[in-house]
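Just below is one structure, and these are the notes that go with it.
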Amino acid sequence: MRTISFSLLVLLLGAACSEERQILNRIEGTFETMEFVVTDDTTGNVLFTASPTFQFAECDGDSNGSGGRCEVTIIDSAGVSYNYMYQLTVADQGPNFINFRLPNLPGNEDTDLTRALSGVLTIELRDEELNILTDTDSRVIQDAIQGSKSYQVSIVAIKR
């Protein structure tokens, strides 16, 4: 009985690791933004739009799984690069959804774009499309984006 239980545990851990590895392989590469919209929760008004490029570097699944970080460079439309270290975890919604954690950046990189991307976002991967959304609850942060402290972020990007 113990042998069966141990084998089942090893099988489940292997499946979880391979699922993370598959996600890391799918997200690696460059994604061009098709839509990036930040809206005020209370009024529905568009606060700003952007068109950054996301460059996800190759990531070691072992490092990511043990709390390590992976590299992503975000380049805004003016060509300014923001280098982040992110961590992926498989989200409750299923294997195509990822929790994506980006840290808050220091004040010298404090822009509407970096504020919109800081914290935890949910990524959905569909074939070559990347959808990034805030949680269903409104996003409230200490720093406002154009006067609004409660906003939603919606991003659609296509892999090059």
Are side-chain heavy atoms of Ile75 and Gln55 found at a separation under 4.5 Å?
yes

Straight-line distance of Leu130 CG to Arg26 CZ, nearest 0.5 Å
10.0 Å

Salt bridge (Lys or Arg N to Asp or Glu O under 4.0 Å) involving Glu32 - partner list, sequence neighbours excluded:
Arg160

Taking the side chain from Ser150 and the backbone from Asp41, do they hold a donor-acceptor pair closer than 3.5 Å?
no

Closest non-hydrogen contact found for Ser148 with Asp40 is OG-OD2, 2.7 Å

Thr114 side chain to Thr111 main-chain N or O, any donor-acceptor pair under 3.5 Å?
yes

From OG1 (Thr39) to CG (Leu47), nearest 0.5 Å
7.0 Å

Which residues share a salt bridge (Lys or Arg N to Asp or Glu O under 4.0 Å) with Asp76, sequence neighbours left out
none

Rounding to 0.5 Å, atoms OH (Tyr82) and CG (Leu117) come to a distance of 10.0 Å

Nearest 0.5 Å, what's the CD-CD1 distance between Glu129 and Ile158?
4.0 Å

Side-chain donor or acceptor of Lys159 paired with backbone N/O of Glu28 under 3.5 Å
yes

Could you tell me whether the side chains of Gln146 and Asp112 share a donor-acceptor contact shorter than 3.5 Å?
yes

Among residues at least two apart in sequence or on other chains, which ones pass ring pair (Phe, Tyr, Trp, His ring centres under 6.0 Å) with Phe36?
Phe48

Just jot down the salt bridge (Lys or Arg N to Asp or Glu O under 4.0 Å) partners of Glu35, sequence neighbours excluded, or say none.
none

Value rounded to 0.5 Å, distance of CD1 in Ile123 from CZ in Phe54
8.0 Å

From CG (Leu113) to OG (Ser77), nearest 0.5 Å
8.5 Å

With ILVMFWY side chains joined below 4.5 Å, transitively, what does Val37's cluster contain besides itself?
Val46

Return the set of residues passing salt bridge (Lys or Arg N to Asp or Glu O under 4.0 Å) with Glu124 (not counting sequence neighbours), or none when no residue passes.
Arg126

Val156 reachable from Ile27 in the ILVMFWY side-chain graph, under 4.5 Å edges
no

Within a strict 4.5 Å, meaning less than it, do heavy atoms of the Ile74 and Thr53 side chains meet?
no

